[in-house]
Undergrad: 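Let me begin by handing over the structure; questions about it come next.
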Amino acid sequence: MPDVLKAPLVVEFPFTRSLGPVQRAFFTGLREGVVLGARTTAGRVLVPPAEYDPDTAAELHDLVPVAATGTVTTWAWNHAPRTGQPLARPFAWVLVRLDGADTALLHALDAPGPDDVRTGMRVRVRWAAERTGAITDIACFEPYDGPPEQPAAHTGEFENPVTGIVAPARLDYTYTPGRAQSDHLESLARRKIVGERCPSCRKVYVPPRGACPTCGVATGEHVEVGPRGTVTTFCVVNIKARNLDIEVPYVYAHIALDGADLALHARIGGIPYDHVRMGLRVEPVWTDGARHPDHYRPTGEPDADYDTYKELL
Amino acid sequence: MTRQIAVVAFAQSDHRRTTDELSEVEMLMPVLHEVLARTGLRTADIDFTCSGSSDYLAGRAFSFTMTLDGVGAWPPVSESHVEMDGAFALYEAWSRLLTGEADTALVYAYGKSSPGPLRDVLTRQLDPYYLAPLWPDSVALAALQAQALLDAGDTDEHALAAIGARSRADATANPHAQLAGPVPRGDHLVRPLRTGDCPPIGDGAAAVILAAGDRARELCARPAWIRGLDHRIEPHSLGARDLTDSPSARLAAERAGAFERPVDTAELHAPFSSQEVVLRKALRLGDEVCVNPSGGALAANPVMAAGLIRIGEAAARVHRGASDRALAHATSGPCLQQNLVAVLEGDPR
Amino acid sequence: MSKEPVAVVGIGQSKHAAARRDVSLAGLVREAAQRALDDAELGWADIEAVVIGKAPDFFEGVMMPELYLADALGAAGKPVLRVHTAGSVGGSTALVAANLVAARLHGTVLTVAFEKQSESNAMWGLSLPIPFQQPLLAGAGGFFAPHVRAYMRRSGAPDTVGALVAHKDRRNALKNPYAHLHEHDITLEKVMAAPMLWDPVRYSETCPSSDGACAMVLTGRAGAARAPRPPAWLLGGAMRSEPTLFAGKDFVSPRAGRDCAADVYRQAGITDPRRDIDAVEMYVPFSWYEPMWLENLGFAEEGEGWKLTEAGVTALDGDLPVNMSGGVLSTNPIGASGMLRFAEAALQVRGQAGEHQVPGARKALGHAYGGGSQFFAMWLVGAEPPER
């Protein structure tokens, strides 16, 4: 089998998360070294504090401090930590019921090995050296054999409360375009624009996506189209798009290549932007090192008659 | 009187670790053709179409819009999509048929887990404030649940290993399975779970056709009648739940009528061996019930399709007379947070 | 077997804004849901199932957020469905919820839709770079502007029509306290003077990016009888989809839209939509889509929709008011935008639309669309229950 075309696809964003009142108090508390729970009308103390009671859906606002010590309710030994996890060395995932809480918090436990961890063991919070108001202000838990710590009374009101967190997230994918698009891309490398014909309706799709979308069957027969085509419609772009190094204004057009049964999208160059019109005949301009035509330019032919392309509009 | 609706056809891909030579629609389309061919229906004969998939698996927004190309949605079709496992798409389609507005439905689901780091991708399902920033992966969460079961004395490592071994042995009879035959228990992935307790990661697609009443009898010699179908969710926080139990699965089963009469077969969507233990207890399945004859999710777990496949596998057994009353289950979310139960029956023979 | 008639007995929406920095994701969704419950005078325990919708999960960076939102939606022990049909999702979500009532699976269902676009960046979420493909060359407006030009060419509409729509909708938004944009000093001149971002589309003719949520409580005959305020009755609802791109696709007037409307009208016994329907809330992300949809939905002959706009027929005091709420042009939390249209239609026939109420509205159409003008969802609601 020939090598499959593939490329990295990175999905990454630093999400900005605004917080509700309970979360604001909880994260500000962590920054200040205080763990707060949310008390339900039934008197249960939820840690981490839910904004809404899982049992009754009631909005929660009664915040109470709990201890930074607690008991492991279950655990799992993670010998190969993954990116982003709390510790880079082997650790135990734990659910910990803090003293004074009725529910358990998920975090990491720093322990020498799995033989040092058991359900029911006592642990306490190890605070992060620098705290910003986030769940990661708890660096992890650590084994603890002292008495339960007594939480200091606290109202849940703080100076300079945290109002939001930034949650960066990056996932690394490998993108593969599939059979039909790979064939098309391979042709582009030879500066040929090749579409595929539907065996049922005989329409030619460029770029091909592997299926005729109206017939629901695989396309396969390669058909070279263009290189010339007709501008069916367009707009003049006056705003610079992010990550796109094109001087504005420029024309973004739908182009029906000769022999294709639908239009593809591309930029028009080689003509003042305000001279571009529907029906303009164009051809691709290739540049070295680029996979796709850089843009399309006028061929100098007479404009196509509206009736010849209105079905492709 | 409630309208009687049945699964009349099922098809699935051969599930594989990667399908990188195929786009999603190229992977899905043969499955759609196969399920339609089983009934002789064409897209134009289908009254309602519903699919399940996830943008996060592929790493691309609106990925489902491109797979619609495989349906041939022209003239336009009555169609919907859930960002859930296909089993929930089946639920939506079933509810449409119940109203009498549609007599036939095509349900499909697909998932390519191979392009991304699945364990990390699934961390994005978690509470974005308290959990997701810690990147607790899907295996770690299942391991916490498994340890809770061990602590409670609900299972032991040998019993877990036996579940994996039985599933892969049964999968030898399933030509679509990704992992079949003798599979070593392997090393701990996240202790107490070993590689053998975990599902294979892979790509796949599945499709089902539903039909109502006499239409179902025309399309299938022995329709798998949906006697009940229900789904329920639990609170999200793992520390607020009893991980050794699945009250939502039990409630769904109750509402689906699963406890009214014994089932002979159960297809459970238990990606981890330990989760079969939880589900058997919650669903009151005794040793006399044939559990996961297909090999279950331990043999093939194309995320977003694996739940629909459970319904399809259970239905296929009814179709061929290997079951008279089967339970099918699908799950979503960390540690079985959300559960769906279907009860399928064949006409008396 | 007959279907259970479906009634809207509670409607709620959040205050919409570019960034709702005062709430979490759950808080935003909850704001709308709680208002819907309050409107229906129901509690969380009265809700039997939840149907939630939103557009791509990348917007908030939470995969299948309904799992995390289960607690906020009071869903523990209940069924939750999550719908995603691109821009039409708010409408589809409501229809899926309505179907659960119609099928008599549940007596009372909460349906919610939301988007909190400020968590990321809408353009990032909509156009994740895909290897080997040409980057989207024109931004969101650039995708739609060529179709607007095609419409202008086909219909011969004067180029002022888009500005008329934008002016009308922004003026309507001033009467809607929940709307994102409140441009108190808006004038037609200002709309016309705005820069042409994607010629022929001006900046002032494009939708904003919003944080927002919408929710409705749907119930059957018995629930409607107990409702404290007049219900809106579902008289017809439908979804239609066609492929993203195909040979012969009509982007100006997609067949899926026409077929969807025809199905709704058939169910509701509408023979002349222009005469039989009192108010229309349609999904107009760029102003020119008003005349385009007027034609697509059968309110005007092909090429004639702009004449209704130009004649003031679609103004709040016209005889076919369109986008009384201020529309998508004034508020656009993408995943919720469709449901906001459906909710506005219901508000109108309940007589609950406040300052943007169309007096005496008895039948109203809610419309949503998405993807490459390919997914359509619509419902027609009335002040009277369906006959039968």
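Residue numbering restarts at 1 for every chain, and letters A, B, ... go by the order of the sequence lines. None of these values were measured; they are calculated from a predicted model.
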Undergrad: What residue in B:T18, B:L189, B:L68, B:L243 has the most heavy-atom pairs under 4.5 Å with chain A?
TA: B:L189
Undergrad: Please give me the minimum heavy-atom distance between A:T136 and B:L134, naming the atom from each residue.
TA: CG2-CD2, 4.1 Å
Undergrad: Between A:A104 and B:S237, what is the shortest heavy-atom contact and its length?
TA: O-OG, 4.5 Å
Undergrad: If I compare all heavy atoms of B:W135 with all of A:P168, which pair ends up nearest, and what's the gap?
TA: CZ2-O, 4.2 Å
Undergrad: Keeping B:Y129 on the side-chain end and A:R17 on the backbone end, is there a donor-acceptor pair under 3.5 Å?
TA: no
Undergrad: Based on non-hydrogen pairs under 4.5 Å, which of B:G59, B:S23, B:A146 is most in contact with chain A?
TA: B:G59
Undergrad: Do any N or O atoms from the side chain of A:T74 and from the backbone of B:A148 form a donor-acceptor pair under 3.5 angstrom?
TA: yes
Undergrad: Looking only at heavy atoms, which two atoms of A:I135 and B:Y130 are closest? And how far apart?
TA: CG1-O, 3.5 Å
Undergrad: Heavy-atom pairs under 4.5 Å with chain B - which of A:V217, A:T83, A:V96, A:L19 has more of them than the others?
TA: A:V217
Undergrad: Highest number of heavy-atom pairs under 4.5 Å with chain B: which of A:K6, A:R44, A:H107, A:R118?
TA: A:H107
Undergrad: Under 4.5 Å from any heavy atom of chain B, what part of A:A80 do you find: side chain, backbone, both or neither?
TA: neither
Undergrad: Taking all atoms of both residues into account, what is the closest heavy-atom pair of B:D69 and A:P213, and its distance?
TA: OD1-CB, 3.3 Å
Undergrad: Any side-chain heavy atom of A:W93 within less than 4.5 Å of one from B:P136?
TA: yes
Undergrad: For chain A, find which of B:S114, B:P75, B:A58 contributes the most heavy-atom pairs closer than 4.5 angstrom.
TA: B:A58
Undergrad: Which atoms of B:R124 are under 4.5 Å from chain A, going by heavy atoms: the side chain, the backbone, both sets, or neither?
TA: side chain
Undergrad: Select, from B:V190, B:L131, B:L193, the one with the greatest count of heavy-atom pairs under 4.5 Å involving chain A.
TA: B:V190
Undergrad: Residue by residue, which of residues 30-39 of chain B have a heavy atom closer than 4.5 Å to a heavy atom belonging to chain A?
TA: B:H33
Undergrad: Pick out which of B:D120, B:T123, B:D137 makes a side-chain hydrogen bond (donor to acceptor under 3.5 Å, both in side chains) with A:R82.
TA: B:D120
Undergrad: Taking heavy atoms only and a threshold strictly under 4.5 Å, list by residue number the residues of residues 172-181 of chain A that touch chain B; give 'none' if the list is empty.
TA: A:D172, A:Y173, A:T174, A:Y175, A:T176, A:P177, A:G178, A:R179, A:A180
Undergrad: Report the option among A:D55, A:L106, A:V11 that has the most heavy-atom pairs separated by less than 4.5 Å from atoms of chain B.
TA: A:L106
Undergrad: At a 4.5 Å cut-off on heavy atoms, which part of B:V25 comes close to chain A: side chain, backbone, both, or neither?
TA: side chain
Undergrad: Checking B:A132 against chain A: side chain, backbone, both or neither under 4.5 Å from a heavy atom?
TA: neither
Undergrad: Can you tell which of B:H236, B:E24, B:M27, B:R60 has the highest number of heavy-atom pairs within less than 4.5 Å of chain A?
TA: B:R60
Undergrad: Non-hydrogen atoms of chain A under 4.5 Å away: do they reach the side chain of B:L141, the backbone, both or neither?
TA: side chain
Undergrad: At a heavy-atom distance under 4.5 Å, which candidate from A:G84, A:G210, A:A167 has the highest pair count against chain B?
TA: A:G84
Undergrad: Report the C-alpha separation of B:R191 and A:H79 in whole Å, then their side-chain angles, then the decisive distance to 0.1 Å, and conclude whether the side-chain contact (heavy atoms from CB on, under 4.5 Å) test is met.
TA: CA-CA 8 Å; B:R191 182 173 158 173; A:H79 66 83; over 6 Å; no
Undergrad: Quick check on A:P90 against chain B: is it the side chain, the backbone, both or neither that has a heavy atom closer than 4.5 Å?
TA: neither
Undergrad: Under a 4.5 Å heavy-atom cut-off, does chain B meet the side chain of A:L46, its backbone, both or neither?
TA: neither
Undergrad: Could you look at A:S182 and say if it's the side chain, the backbone, both or neither that has a heavy atom under 4.5 Å from chain B?
TA: neither
Undergrad: List the atom of B:M29, the atom of A:G216, and the distance in Å for their closest heavy-atom pair.
TA: SD-O, 3.5 Å
Undergrad: Relative to chain B, which segment of A:P81 carries a heavy atom at a distance below 4.5 Å: side chain, backbone, both, or neither?
TA: neither
Undergrad: Is it true that, when you exclude A:R126 itself, more than 12 heavy atoms of the residues, nucleotides or ligands shown sit nearer than 6.0 Å to its CZ?
TA: yes
Undergrad: Can you establish whether the number of heavy atoms outside A:R39 located under 6.0 Å from its atom CZ is more than 12?
TA: no
Undergrad: Could you tell me the separation between the CD atom of B:Q147 and the CG atom of A:L95, rounded to the nearest 0.5 Å?
TA: 11.5 Å
